[in-house]
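Each residue takes its place number in the sequence, starting with 1. Here the structure is a predicted model, which means the values were calculated and not measured. Counting starts at 1 for both ligands and their atoms, following the listed order.
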Amino acid sequence: MNSAAMNELPLDQATFENPFVDELRGEISGNKGSRQVPGYCYSLVKPTPVQDPHLLAWSDELGDFLGLAKPPERGPAVDALAGNLVTGSMKPFAARYGGHQFGNWAGQLGDGRAISLGQVAAVDGSRWEIQLKGAGPTPYSRRADGRAVLRSSLREFVCSEAMHYLGVPTTRALSLVGTGDAVVRDMFYNGNPQAEPGAIVARVAPTFIRFGNFQIMTANGELDNLRALADYVIRHHYPELGAPSPEVYVRWFEEVSRRTAVMIAHWMAVGFVHGVMNTDNMSILGLTIDYGPYGWLEPYDPDWTPNTTDFGSRRYAFGQQPRVAMWNLMALAQALSPLLPDAEVLRNGLDEYATTLATTQHTLMLRKLGLTPLHPDEDRALTEDLPQALAEPEVDMTLFFRQLSHLAPALLAASDNEDGLFDELITAAAYSVAPDEDRNVRQWLHRYTARLRQEPDSGEAIRERMLRANPKYVLRNYLAQQAIERAEAGDLSTLETLMHVLKTPFDEHPEYHELAAKRPDWARDKPGCATLSCSS
Ligand code: AMP
Ligand code: MG
């Protein structure tokens, strides 16, 4: 046992602090019945116990960081992770929020199945809220059951950790616990309900406050709560901005916009599609939040979304994400406007979003291409022309950049067999290339090669830095589905392998090479691999 582990506590012995509950107006009846909760920021509500809580997966590094010991499969710590045990320092609550769903104001939503236990101190003194998703009904459950199934919980658990290790701003996940209870879901809303195993994810973030927490206050004319919530977020999560004031609200909105832009730029750089960018799924900290019917781009297609509910309008397709985040920030600006004498100043935040998005996307793309900023204008044209070139021959985004990294030294060296190298790359990364469809990507590769030759570093050095910018492993949709099917059959080995590899996604891991392969044909249209619903 190392010294860090010696100081680790089981979760049931950890001390929780509860500033959200202590500092904001909440409803304290404890009544779990579905209802409107005007006038309050949250409702105190205890998790509903489950039959047989047992640990399925644990995030070791996050546990170490939080000073929490990995618990045995069953026992008091796992009971706490399932909501069966509420310790003396916890004040469990469900937050009240609203949101725009698919562009329409939906009124009060709130934590319908997520219950926060409070926050714990990490080894560096920072504070982290622990929230149980699937912990039972709350006043915000509407007509649903407050539970979550194993498949969606596993997807949230693995993907939030995978995103973290890719360097994408995200909420984290500490544990995945099986409940021993069955949960009935009609997965494709086609009149075919099935009993599925239930599960609970303990997810972790400084706070889970969303744009929608502010929207509901403004929509209901609860300006005292709006101000209290804004001041709370600034004091606890943006203390560097100073004491809340109208000027500070403006700078705060700029900072939220900046962080949102950084998050979106990262999504675009790794090929992540959130799938449900409703305003209630937008974190006030600029973190990826609420992993539902998300997916990873395989063939490069800006119009792709995994979410079956969105097949008609494709509002949340990969290429729409930058625009939608801006739309969501405008909704947040509108919600914050009662705090300011002149809300026009919030436009600065929207400008900040646009500028930061463009510069961050460009910087990340240059890194992926192994280029240093030598020729700003020429390089901008080069990076902007790539998406179109990739889309035509259905090139797998992850494979393309990884293969390109490996090819960099050869591209620098060879001038006579460039086309041979391009063939190799396109064959390795493309799903289908009809005659002539690769003309644009070849042309682009010629331009890129010429530009690469202007870099001062050696081919080896360029390759090494590209390999740190282009992951070999991402959570391909079919890989998550395989882990789910095996976990449902009681075999956790695929989940464990994925967690292991996705922690160091830039390393080669030759023994797991097959997990970096092109999506197999059978997964092309398979539910769970190509299509996902919101049912979870
Ligand atoms: P989502 O699409 O998962 O972001 O959820 C949208 C809203 O529905 C949120 O208010 C959720 O808390 C709520 N919700 C989703 N699933 C359930 C469920 N099984 N039980 C209760 N509330 C739910
Ligand atoms: Mg949500």
Side-chain angles (χ1 to χ4, degrees), residues 32-37 41-43 45 47-48 50 83 92-116 131-157 159-160 170-171 173 179 181-187 189 193-201 203 205 207-216 219 273-285 287-295 305-310 315-316 324 328 331 532-536:
K32 295 178 184 178
S34 281
R35 60 190 184 278
Q36 295 294 308
V37 188
C41 297
Y42 63 88
S43 301
V45 56
T48 303
V50 297
F93 71 92
R96 173 172 172 251
Y97 54 79
H100 281 93
Q101 296 185 317
F102 295 92
N104 304 305
W105 176 244
Q108 177 184 293
L109 298 166
D111 288 329
R113 55 172 163 174
I115 297 181
S116 285
Q131 186 180 73
L132 308 182
K133 183 166 173 180
T138 78
Y140 311 98
S141 298
R142 294 175 287 163
R143 276 189 291 279
D145 58 7
R147 295 302 185 188
V149 292
L150 176 59
R151 69 182 146 78
S152 66
S153 305
L154 185 151
R155 282 169 50 85
E156 173 143 17
F157 177 78
C159 198
S160 29
T170 179
T171 61
T179 61
D181 289 327
V183 175
V184 175
R185 289 289 181 269
D186 184 359
M187 184 155 57
Y189 306 121
Q194 307 260 322
E196 299 188 44
I200 296 175
V201 173
R203 50 184 194 179
T207 180
F208 290 91
I209 297 174
R210 302 128 191 277
F211 292 7
N213 295 70
F214 302 91
Q215 288 184 285
I216 190 75
V273 189
H274 182 284
V276 205
M277 289 178 70
N278 294 332
T279 55
D280 55 302
N281 291 337
M282 297 291 293
S283 148
I284 200 66
L285 302 182
L287 304 173
T288 313
I289 193 174
D290 270 10
Y291 290 85
Y294 67 82
T305 174
N307 183 358
T308 51
T309 313
D310 196 24
R315 180 181 172 87
Y316 298 145
V324 175
N328 290 342
L532 289 139
S533 75
C534 289
S535 155
S536 56

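Among Arg113, Arg143, Arg210, the residue whose heavy atom sits closest to atom 16 (N) of ligand 1 is Arg113. Nearest to atom 20 (N) of ligand 1 by heavy atom, out of Gly98, Gly146, Gly134, is Gly146. For atom 10 (O) of ligand 1, the nearest non-hydrogen atom from the set Ala94, Gly212, Gly110, Ala106 belongs to Gly110.
For ligand 1, the atoms closer than 4.0 angstrom to any heavy atom of Asp145 are 18 (C), 19 (N), 20 (N). Those atoms of ligand 1 with a heavy atom of Arg147 less than 4.0 angstrom away are 19 (N). Taking every heavy atom of Arg185 and a limit of under 4.0 angstrom, the matching atoms of ligand 1 come to 19 (N).
Checking only distances, Asn281 does come within under 3.5 Å of ligand 1, N or O to N or O. Residue-to-ligand polar distances place Gly112 within reach of ligand 1: an N/O pair is separated by less than 3.5 Å. At under 3.5 Å, a nitrogen or oxygen of Arg142, whether backbone or side chain, sits near a nitrogen or oxygen of ligand 1. Checking only distances, Asp111 never comes within under 3.5 Å of ligand 1, N or O to N or O. Polar contact with ligand 1: absent for Ser536 (N/O pair, distance under 3.5 Å).
Under the salt bridge (charged side-chain N to carboxylate O under 4.0 Å, His left out) criterion, Arg142 pairs with no residue at all, not counting sequence neighbours. The salt bridge (charged side-chain N to carboxylate O under 4.0 Å, His left out) test applied to Arg113 returns no partner, not counting sequence neighbours.
Contact of the Phe208 side chain with the Asp111 side chain is not registered, since no non-hydrogen atoms from C-beta on lie closer than 4.5 Å. A heavy-atom distance below 4.5 Å is found between the side chains of Val50 and Ile200.
Between the Thr207 side chain and the Ile209 main chain, a donor and an acceptor come within less than 3.5 Å of each other. Using a distance-only test at 3.5 Å, with no hydrogens or angles considered, a donor-acceptor pair links the side chain of Gln108 to the main chain of Arg35. Looking at Arg96, its side chain never comes within 3.5 Å of a backbone N or O of Tyr42 through a donor-acceptor pair. Not a single donor-acceptor pair under 3.5 Å links the side chain of Asn278 to the backbone N or O of Gly99. Checking side-chain atoms of Thr308 against main-chain N and O of Leu532 turns up a donor-acceptor pair under 3.5 Å.
Within the structure, ligand 1 has Asp290 among the residues with a heavy atom less than 4.0 angstrom away.
Within the structure, side-chain hydrogen bond (donor to acceptor under 3.5 Å, both in side chains) pairs that include any residue of residues 148-157 comprise Lys133-Glu156, Arg151-Glu196, Arg151-Ser535, Glu156-Arg203 (at least two apart or interchain).
In plain terms, the two heavy atoms of Phe211 and Asn328 that are nearest each other are CD2-O, 3.5 Å. Heavy-atom minimum distance, Val324 versus Arg315: CG2-O, 3.3 Å.
Around the Mg ion (ligand 2), protein N, O or S atoms at a distance under 2.8 Å total 2; waters are neither shown nor counted.
Within 4.0 Å of atom 5 (O) of ligand 1, not a single protein heavy atom is present.
When Thr170, Asn281, Thr171 are each tested for a side chain to side chain donor-acceptor pair (under 3.5 Å) with Tyr291, only one passes: Thr170.
Atom 18 (C) of ligand 1 has its closest protein heavy atom at Ala144 CB, 3.4 Å.
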